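Notes follow once the structure below has been shown.
Everything numeric here is computed off the predicted structure, so don't read it as measured data. Both counts, for ligands and for their atoms, begin at 1 and track the order of listing.
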Amino acid sequence: MFKKLCIVSLLTVSQWVFAETGQPPSADQVAAGKALYGRYCLACHGENGVGEPPIPSTIRAPGFFTAMPLNEASHAWHHTDEQLVETILQGLQRTQRMPAWKGVISVDQATQLVAYLKSLWSPRIVACQGPKHMSCM
Ligand code: HEC
């Protein structure tokens with residue numbers, strides 16, 4: 001009985017955690033996220049999430065990362081909504097160029113930013129977002 005209860009609650013929790021992943025974002029969330037994107041992200045990740053142009057490795061300083069596209073040209077969509085929120089708030093270990101926005105951007109705002117990023121992906125990509133990307137395409 002206890003085991004069954006554990007499994008049921010685990011399923012419920014995981015459904016809640018992954019509720020938005022793979023789902024299209026709402027227009028309100030996208031609009032709010034777009035404004036935030038213009039303010040905090042566009043300088044590096046570019047208009048419509050196209051990313052910075054690549055720098056040839058021969059002239060790139062060691063350890064320098066360009067901001068990758070966040071549209072569907074790169075692999076942002078391989079991550080769940082929650083992982084993207086986490087990256088936005090915590091930054092990335094591999095480069096200080098992607099700062100931790102915690103303290104500047106709230107969890108709600110990070111969620112709105114993710115909604116905007118998802119609006120840059122086609123419905124097919126949104127449907128294949130997250131762990132599904134391995135088998136879905
Ligand atoms: C100062 C430049 C800069 C700014 C500003 C910036 N980023 Fe980044 N971002 C980067 C770099 C550099 C990377 C890592 C590139 C790599 O690892 O190849 C990155 C990586 C990411 C990733 C990981 C994508 C993936 O596929 O793993 C996400 C998501 C992201 N940024 C979102 C944002 C959002 C949202 C904002 C605005 C709140 C933002 N970034 C602002 C430079 C920036």
Side-chain angles (χ1 to χ4, degrees):
M1 180 62 196
F2 179 69
K3 210 167 150 190
K4 246 189 205 157
L5 211 70
C6 286
I7 292 171
V8 169
S9 39
L10 205 72
L11 284 176
T12 317
V13 169
S14 61
Q15 247 168 24
W16 169 71
V17 170
F18 295 109
E20 303 297 325
T21 296
Q23 300 296 319
S26 80
D28 287 358
Q29 292 281 91
V30 172
K34 186 173 182 178
L36 291 165
Y37 183 88
R39 185 159 172 201
Y40 297 114
C41 324
L42 188 138
C44 288
H45 289 283
E47 195 80 47
N48 299 320
V50 293
E52 287 176 323
I55 302 173
S57 57
T58 43
I59 57 167
R60 195 181 57 219
F64 183 87
F65 286 85
T66 50
M68 74 261 283
L70 297 175
N71 62 16
E72 61 183 51
S74 190
H75 63 262
W77 60 276
H78 291 190
H79 304 295
T80 62
D81 280 20
E82 292 68 28
Q83 287 166 335
L84 292 167
V85 165
E86 177 84 3
T87 299
I88 294 167
L89 296 177
Q90 306 297 339
L92 287 171
Q93 295 234 309
R94 63 177 173 267
T95 173
Q96 304 242 314
R97 278 203 81 215
M98 173 58 194
W101 292 97
K102 204 166 80 182
V104 178
I105 290 177
S106 68
V107 176
D108 282 352
Q109 288 175 321
T111 308
Q112 291 164 347
L113 277 161
V114 171
Y116 172 64
L117 299 185
K118 289 170 73 170
S119 77
L120 305 173
W121 311 340
S122 63
R124 183 167 151 257
I125 291 286
V126 172
C128 290
Q129 187 195 353
K132 268 200 203 156
H133 78 270
M134 299 289 281
S135 55
C136 187
M137 296 306 288

Who's the nearest protein heavy-atom neighbour of atom 17 (O) of ligand 1, and how far?
-> Arg94 NE, 2.5 Å
Short N or O distance, Trp101 and ligand 1, threshold 3.5 Å exclusive = no
What do you reckon, does Ser74 have a nitrogen or oxygen under 3.5 Å from a nitrogen or oxygen of ligand 1?
-> no
Main-chain N/O of Gly22 paired to Gln129 side chain as donor or acceptor, under 3.5 Å | yes
Counting heavy atoms only, name the option from Gln112, Arg97, His79, Met98 that's nearest to atom 27 (O) of ligand 1.
-> His79
Interatomic spacing from CG in Leu36 to OH in Tyr116 - rounded to 0.5 Å | 11.5 Å
Applying a 4.0 Å heavy-atom criterion (strictly less than), which segment of Leu36 is in contact with ligand 1: side chain, backbone, both, or neither?
-> neither
With heavy atoms only and a cut-off of under 4.0 Å, state how Leu117 meets ligand 1: side chain, backbone, both or neither.
-> neither
Between CD1 on residue Ile88 and CD on residue Gln83, distance to nearest 0.5 Å | 12.0 Å
For Ile88, take its heavy atoms, then give the atoms of ligand 1 lying under 4.0 Å from any of them.
-> 35 (C)
What's the spacing between Leu92 CG and Glu86 CD if we round to 0.5 Å?
-> 10.5 Å
Atoms of ligand 1 under 4.0 Å from any heavy atom of Tyr40, numbered from 1 in the order shown, are 5 (C), 37 (C), 38 (C), 41 (C)
Give the single entry among Thr66, Leu84, Thr95 that approaches atom 29 (C) of ligand 1 most closely by any heavy atom.
-> Leu84
Minimal heavy-atom distance between Arg97 and Pro99, with the atoms involved, is O-CD, 3.0 Å
Do any N/O atoms on His45 end up under 3.5 angstrom from N/O atoms on ligand 1?
-> yes
Is there a side-chain contact between Thr21 and Lys132, using heavy atoms and a 4.5 Å cut-off?
-> no
Looking at CD of Gln112 and CG of Leu117, how far apart are the two atoms once the value is rounded to the nearest 0.5 Å?
-> 12.0 Å
